[in-house]
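Chain letters run A, B, ... following the sequence lines, proteins first and then strands; every chain starts at 1.
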2 protein chains.
Amino acid sequence: MSLKYSKQRQAIWDFIEHRTDHPTADTVYSNVRKNMPNISLGTVYRNLVLLKDTGRLKALDVGDGVVHFDPCITPHDHFVCRCCGRIIDLPDTGTQEAVLGVQAATGGRVDERRSYYYGLCGSCVENRGLMN
Amino acid sequence: MSLKYSKQRQAIWDFIEHRTDHPTADTVYSNVRKNMPNISLGTVYRNLVLLKDTGRLKALDVGDGVVHFDPCITPHDHFVCRCCGRIIDLPDTGTQEAVLGVQAATGGRVDERRSYYYGLCGSCVENRGLMN
DNA sequence: ATAATTATGATAATAGTTACTGTTTTCGAA
DNA sequence: TTCGAAAACAGTAACTATTATCATAATTAT
């Protein structure tokens, strides 16, 4: 899989590189479009998949029907707020023992673990009842 | 949310109740249809959501673009095979401490945790290179 | 039995994503 | 520095999973 440079991909990367809010393809699209008005949505999708397939991004499926992307590729977990939908980075809560246990139990091989914690985030707890 | 009996919902439940393979709406549809040929796909979706919203099913988003349903509602984790796509039940690998830690770190409230282990399942490890 | 409520089948609509196509850009080699 | 193959692009069509609509039918409380 040999990639060639493109300013579109660069712009996508520049946008997402330091984000911690796990944007969707559409969010990336509408933001990148501010500086590059005729980039196409297909290009955004294509490049996000490409960046994922080359290990620069991770995709998150939290259950809201949209794929979110995460430029932080070191192992960590996520908190998903059921109220505001925010996805917040957490430290890695997994253990090596659990992985080994899973492998022993299934006879398979684990190469990744993803954990999602669902609930109300800090600010939604504070505002409980005031907003939704 | 008051439910009325329907033989369609009953048939859907009868099909999925003891399944451990986490079928999708479409799988439920094509199976229930064998005995109830003119049940509609919309009815299947509506009832799966209803069963989920009333706590009889859980939905799984493993990243394959389709929602899977799980009739086992006690806390447990899942193994997702990257090769054959199978989703295999695992024991709960989470800890109370991790949940408390997440709550402390975020100031939020956790009501659920979902962990997915990805890799090759036992039989795909055995057949590595022979099938895909 | 009746009326209110809920569910249904059939179908249309939506949303997110992927595929196609003809043109443009990139980049290694001549 | 040009040339040509490979890769990427914009624009758009197509696809898939899911949800919404609506007129009719089944269920259930009175």
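Nearest-nucleotide mapping onto DNA chain D: of A:L41 and A:Y5, the residue sitting toward the 5' end is A:Y5. Between B:K7 and B:V66, the one whose closest nucleotide on DNA chain D sits nearer the 5' end is B:V66. The nearest heavy atom of DNA chain C to B:K4 and to B:M36 marks one nucleotide each, and the one closer to the 5' end goes with B:K4. Each of B:S40 and A:R46 has a nearest nucleotide on DNA chain C; the 5'-most of these lies closest to B:S40.
Phosphate contact (OP1/OP2 of D:dA26, side-chain N/O of B:S6, threshold under 4.0 Å): absent. For C:dG16, neither phosphate oxygen OP1 nor OP2 lies less than 4.0 angstrom from any side-chain nitrogen or oxygen of A:T24. In terms of phosphate contacts, A:Y45 brings no side-chain nitrogen or oxygen within less than 4.0 Å of OP1 or OP2 of C:dT18. In this model, the phosphate group of C:dT8 is approached by a side-chain N or O of B:N47 to a distance below 4.0 Å at OP1 or OP2. Considering only side-chain N and O atoms, B:Q8 lies under 4.0 angstrom from the phosphate OP1 or OP2 of C:dG9.
When the P atom of C:dT17 is taken as reference, atom CG of A:L48 falls 10 Å away, rounded to whole Å. When the C1' atom of D:dA25 is taken as reference, atom CD1 of B:I39 falls 15 Å away, rounded to whole Å. When rounded to the nearest whole Å, the span between CZ of B:R9 and C1' of D:dA26 equals 12 Å. One can place CG of A:L50 at 15 Å from C1' of C:dT26, the figure rounded to the nearest angstrom. Rounded to a whole Å, the CG atom of A:D53 is 15 Å from the P atom of D:dA7. A straight line from CG of A:N38 to P of D:dA8 spans 19 Å, rounded to a whole angstrom.
A side-chain N or O of A:Y29 and one of A:R33 form a donor-acceptor pair less than 3.5 Å apart. Side-chain contact check for B:R113 and A:T93: no donor-acceptor pair (N or O, by modelled atom type) lies under 3.5 Å. Looking only at atom types and distance, the side chain of B:H76 has a donor-acceptor partner in the side chain of B:D89 under 3.5 Å away.
Ring centroids of B:H22 and B:H78 are separated by less than 6.0 Å, placing the two rings close together.
Of all nucleotides listed (C:dT8, D:dT19, D:dC9), D:dT19 comes nearest to the side chain of B:V49.
Between A:R114 and A:E112, at least one side-chain nitrogen of the basic residue sits less than 4.0 Å from a carboxylate oxygen of the acidic one, meeting the salt-bridge criterion.
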